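Report on the following structure.
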Amino acid sequence: MNTFWSESLEKIRERVNDQSFRAWFEPIKPVSLTDSELILSVPDNYFEQWIKDNYLDLIKEISFGSFRKNMKISFVCEEPLKDPGERQEGDPKEGGPEFNETENLIAHYTFENFVSGNSNQFACSASQYVAENPAKGYNPLFIYGGVGLGKTHLLHAIGHGTRRKFRKLKLLYLSSETYVNEVLGAIRMKKMDALRYKYRANCDVFLVDDIQYLSGKEFVQEEFFHTFNFLHGAGKQIVISSDQSPQSIPKISDRLKSRFQWGLITDIAPPEYETRVEIVKKKACAIGVELPDAVVNFIADRILGNVREIEGALNRITAYAKIKMVPISFDLAREVLKKLTNDRTGRVTIDNIIKRVSDYFNIKASDLRCDKRHRSVSVPRQIAMYLARKHTHTSLPVIGENFGGRDHTTVLVAVRKIDEQIKDDPVIERAVKDLERELGV
Ligand code: ADP
Ligand code: MG
C-alpha cells in the first residue's frame with residue numbers, strides 16, 4: 001500500500017507544480033487499498049472537497065495506470081469541520097485568546113466596554129446574538145455606519161463573545177484591506193491554494209472589516225464571493241462591516257451585494273447626547289481619569305459625531321492637565337477644545353507637526369520653535385521632535401534648527417525620552433497616537 005502510494009506520488013509530482021504538490025499531496029496519507037478501492041486520509045472536509053474538485057481525475061488516472069482498472073477513490077478526514085453549534089463549551093486545553101494566533105483581537109473592544117443607546121442599540125443586540133449563536137441566524141450580519149462609530153469595536157466584541165462561549169471555534173478577523181493585499185500577494189506568489197485553504201478551512205467565524213475596500217477590485221471580489229459561499233454553505237458565521245449600506249457601495253458586483261443582504265443589515269448612527277455622556281464617562285474610567293460632571297457634559301456637548309473624536313478630546317484634556325500640572329476643570333476643557341480642529345489633511349512636514357502639536361497642547365507654535373524650557377512647552381517640544389524624527393526624513397541637526405537652534409544630541413535625547421515614555425506613560429502614549437492619527441501616519 002505504502003509503496004503504491006509513494007510511487008503514485010512520484011508520478012503526481014511530475015504532473016503538478018511544486019507549490020500544489022506540497023499543499024495538496026504531501027498532507028495525504030494512504031489508509032487502505034483493496035482490489036477495487038483506495039482510501040486516503042486528508043486533514044479535513046475542505047481539503048477533501050478541494051482534492052475532489054481539482055485532482056480526483058489525476059489520482060484515478062494514476063491508479064488506473066498501476067492496476068489497469070478503475071479504482072474507487074475514497075477519503076476519510078482526520079478532523080472533520082463541525083458545525084459551530086455542535087462545539088462544546090469550555091475545553092480548558094484549547095481555551096484562551098492565544099489559541100488561534102490569527103485572531104488579532106483588541107482586548108478592550110468588548111461588549112462590556114461598548115455603550116449602547118438609540119443610535120447603535122440594534123447593531124449591538126444583533127452582534128450579541130451572533131456572538132452567542134454563531135451561524136444560527138443573521139448570517140451574514142452586515143453592520144454599516146460612518147467613521148469612528150464603533151463598527152470595528154463591535155466586530156472585535158463578537159470575536160471575544162464567541163470565544164468566551166465556544167472556545168474551540170476558529171475566528172478570523174481582518175480588514176478587507178488586508179484581504180485585498182493577501183489576495184494580490186497570493187496571485188503574485190502563485191499561492192492561491194494556500195490562501196483559500198486559510199480562509200475556508202481554518203475559519204468558523206469570519207469577521208471582515210471595512211468591506212468597501214473591495215470596491216472596484218473585481219478579481220478580489222470574485223475570490224471573496226467564493227469564500228463567502230463556501231463558508232456560508234458550510235454553516236459558518238460571517239460578519240461584515242462597511243462605511244455604507246450594501247446597495248450604496250460603489251463598484252461591488254451585484255451578486256456580492258445580494259449575498260450581503262441574505263442575513264441581517266443594521267446601521268450605526270452617530271450617538272445622541274445621552275450616549276455621548278455615557279461614552280465619555282466610560283472612556284475616562286478606562287484610562288483612570290476622574291472628570292467633573294461639567295467637563296463630561298461639556299465634551300458630550302462639544303463633540304457631536306464621532307466616538308474616536310470624543311476619545312481624542314478626552315486625551316487632549318488629560319495630556320494638557322498633566323503637562324501643566326493642574327486639575328481638570330471646566331475652564332481647562334473649554335480652553336483645550338477651543339482649538340480642536342477637524343482638518344486632517346496635509347503632508348507630514350515639520351511645520352505641520354509643529355502646528356498639530358501646538359494645537360493639541362494649546363500652546364503657541366512659536367513657543368515650540370524657541371528655547372523656552374518650561375515643562376508646559378518642553379514636553380510638547382520633545383514630542384514634536386520625536387514625530388519629526390519618526391515621520392519625516394529630516395536629519396537631527398535640521399530638526400534641532402527648527403526647534404530653537406538645538407544641537408543634534410539634544411534632539412536625540414528628546415527622541416529617546418519620548419520613545420521610553422510611550423512605554424511607561426499612557427498619557428504621553430495616547431497623545432502621540434492621537435497626533436499621529438491627525439497627521440495621517
Ligand atoms: P469604526 O470602525 O466604526 O470606524 P471604531 O470601532 O474603530 O469605529 O471606534 C472608534 C473608537 O470609538 C474606538 O476606540 C471604540 O472603542 C470607540 N467607540 C465607538 N463606539 C463606541 C461605543 N458605543 N461605546 C464605547 N466606545 C465606542
Ligand atoms: Mg473600523
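Note that the coordinates shown come from a computational prediction; the quantities given were computed from them, not determined experimentally. Numbering of ligands and ligand atoms starts at 1, following listing order.
Aromatic ring centres of Tyr179 and Tyr199 lie closer together than 6.0 Å. Aromatic ring centroids of Phe361 and Tyr320 lie 6.0 Å or more apart. Close placement of the His156 and Tyr173 rings is indicated, their centers lying within 6.0 Å of each other.
Looking at residues two or more places apart in sequence or on another chain, you find a side-chain contact (heavy atoms from CB on, under 4.5 Å) between Ile399 and Ile350, Met385, Ala388, Arg389, Thr394, Phe403, Val411.
Residues of the protein with a heavy atom under 4.0 Å from ligand 1 are Tyr109, Asn113, Phe114, Val115, Asn120, Gly146, Val147, Gly148, Leu149, Gly150, Lys151, Thr152, His153, Ile279, Lys283, Val307, Arg308, Glu311, listed by chain and number.
Protein N/O/S atoms nearer than 2.8 Å to the Mg ion (ligand 2) total 1.
Closest heavy-atom contact between Ser20 and Asp193: OG-OD2, 3.7 Å.
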*side chain to side chain donor-acceptor pair (under 3.5 Å) between Thr349 and Asn352, intermediate numbers included*: CA-CA 5 Å; Thr349 57; Asn352 207 346; 4.6 Å; no
Less than 3.5 Å apart, which donor and acceptor atoms pair up between the side chains of residues 277-293 and the rest of the protein, not counting sequence neighbours?
residue : atom : partner : partner atom : Å
Lys282  : NZ   : Glu112  : O            : 2.7
Lys283  : NZ   : Glu311  : OE2          : 2.9

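When only modelled atom types and interatomic distance are considered, Tyr144 and Gln212 share no side-chain donor-acceptor pair under 3.5 Å.
Looking only at side-chain heavy atoms (C-beta outward), Arg259 and Pro140 stay at 4.5 Å or farther from each other.
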